[in-house]
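In what follows, a single structure is set out as structure tokens and then discussed.
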Amino acid sequence: VEVTGRNDISSTLPAEENSYFYPSVNTSLVLSEALPTLNNQWLSFLKLRASWAQVGNDAEAYQLATTFSGNPNKFGGRPQFTLGDQLLEPNLKPEITRSTEVGMELGLLDGRASVDLTAYDKQTRNQIYLVPVSPTSGYSQKLINAGEMRNKGFEALVSVTPVQVRDLTWTVTANY
């Protein structure tokens, strides 16, 4: 079992929302070693694993307030400045992603075949987006926290060694 914790403080987020915590926990258990009676001519290895984690993401620099940018050309001997055309957000929150994963590894036929199965679920909220706004507002885009995205999936890896002689080993692997 492994447990971690990390806290980041970001200078690109407002002071009241600039701290976010990254906890995680993962574990695995090799059942074929814990319960040797599981080992037989068909099953040579069995491992179960699981993990949970949370991570954060902050904004780029200068995303809290619309700023002026200088122009190298002068007008009548005076410097020129332009107000940015993006309406930025002084109350941004960090993006937060939580993920879980469970899996199993099987070794079969004395290591001549193996199967690795994994299922995962990842959810991100408070994503930081620039979205278009009506140009009549004086801006072209507005920065917002919005949306929730979820990725779920399943992965499988199967390996078989059909030929294993003294000087030659041929292994075939398929990934889904």
Side-chain angles (χ1 to χ4, degrees), residues 1-31 34 46-75 78-106 114-158 173-176:
V1 175
E2 180 180 53
V3 177
T4 65
R6 171 180 162 180
N7 192 72
D8 275 3
I9 297 175
S10 171
S11 63
T12 65
L13 293 171
E16 51 286 340
E17 293 287 346
N18 71 349
S19 176
Y20 45 96
F21 187 54
Y22 290 69
S24 73
V25 62
N26 66 71
T27 188
S28 64
L29 176 62
V30 181
L31 280 174
L46 174 59
K47 178 180 180 179
L48 303 177
R49 62 182 187 277
S51 67
W52 176 89
Q54 175 176 293
V55 296
N57 186 30
D58 60 359
E60 294 180 22
Y62 307 110
Q63 298 289 296
L64 299 180
T66 304
T67 59
F68 287 92
S69 31
N71 185 327
N73 303 316
K74 293 188 176 185
F75 181 76
R78 294 196 170 108
Q80 297 183 63
F81 292 91
T82 306
L83 182 63
D85 68 346
Q86 296 175 340
L87 182 57
L88 300 179
E89 176 56 57
N91 299 310
L92 276 181
K93 297 176 184 173
E95 292 181 0
I96 299 294
T97 300
R98 290 187 178 116
S99 61
T100 56
E101 184 175 299
V102 294
M104 174 176 60
E105 296 172 37
L106 292 167
S114 66
V115 178
D116 187 339
L117 305 172
T118 304
Y120 62 90
D121 185 3
K122 182 171 128 178
Q123 177 184 7
T124 303
R125 63 182 166 83
N126 288 334
Q127 293 171 291
I128 301 171
Y129 285 113
L130 273 171
V131 295
V133 294
S134 170
T136 59
S137 68
Y139 298 97
S140 65
Q141 298 174 312
K142 177 174 174 48
L143 188 70
I144 61 172
N145 282 113
E148 183 175 297
M149 183 172 60
R150 181 169 233 151
N151 299 322
K152 289 182 175 187
F154 175 77
E155 296 177 3
L157 181 71
V158 177
T173 302
N175 188 7
Y176 171 81

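Here the structure is a predicted model, which is why all the values come from computation and not from measurement. Starting from 1, each residue takes its place in the sequence as its number.
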Can you name the nearest heavy-atom pair linking [X] to [Y], along with the distance?
X: Y139; Y: L87; answer: CD2-N, 3.5 Å
X: P90; Y: P14; answer: O-CG, 3.1 Å
X: F81; Y: P79; answer: CE1-CB, 3.9 Å
X: E155; Y: Y120; answer: OE2-CE2, 3.9 Å

Check: Q54 side chain, I96 main-chain N or O, donor-acceptor pair, under 3.5 Å | no
Mark yes or no for whether T27, through its side chain, and A50, through its backbone, hold a donor-acceptor pair below 3.5 Å.
-> no
Show your working on side chain to side chain contact (heavy atoms under 4.5 Å, CB included) between T97 and K122 and close with a plain yes or no.
-> CA-CA 7 Å; T97 300; K122 182 171 128 178; 3.6 Å; yes
Reported [atom1]-to-[atom2] distance for the pair [X] and [Y], which is rounded to 0.5 angstrom:
X: S114; Y: L157; atom1: OG; atom2: CG; value: 6.5 Å
X: R98; Y: R150; atom1: CZ; atom2: CZ; value: 11.0 Å
X: I144; Y: N126; atom1: CD1; atom2: CG; value: 10.5 Å
X: L130; Y: L143; atom1: CG; atom2: CG; value: 5.0 Å
X: E17; Y: L92; atom1: CD; atom2: CG; value: 9.5 Å
X: R49; Y: T118; atom1: CZ; atom2: OG1; value: 4.0 Å

Greater than 12 external heavy atoms within 6.0 Å of F21's CZ |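 Yes, enclosed.
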Do other residues, nucleotides or ligands put more than 12 heavy atoms under 6.0 Å from E148 CD?
->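 Count over threshold, so yes.
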Could you tell me whether the side chain of I128 reaches within less than 4.5 Å of the side chain of N145, counting heavy atoms only?
-> yes
Using the salt bridge (charged side-chain N to carboxylate O under 4.0 Å, His left out) criterion, which residues pair with [X]? Sequence neighbours excluded.
X: K142; value: E89
X: D58; value: none
X: R78; value: none
X: R6; value: D8

Which of these passes side-chain contact (heavy atoms from CB on, under 4.5 Å) with Y20: N7, V55, L13?
->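 Checked N7, V55, L13 against Y20; only one passes side-chain contact (heavy atoms from CB on, under 4.5 Å): L13.
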Not counting sequence neighbours, which residues clear side-chain contact (heavy atoms from CB on, under 4.5 Å) with L117? List them please.
-> M104, V115, F154, A156
What pairs with Y129 under ring pair (Phe, Tyr, Trp, His ring centres under 6.0 Å), at least two apart in sequence or on another chain?
->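 Here no residue qualifies.
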V3/V25 under side chain to side chain contact (heavy atoms under 4.5 Å, CB included): CA gap, chis, key distance, verdict = CA-CA 4 Å; V3 177; V25 62; 3.7 Å; yes
Please walk me through it: do T12 and Q63 pass side chain to side chain contact (heavy atoms under 4.5 Å, CB included)?
-> CA-CA 7 Å; T12 65; Q63 298 289 296; over 6 Å; no
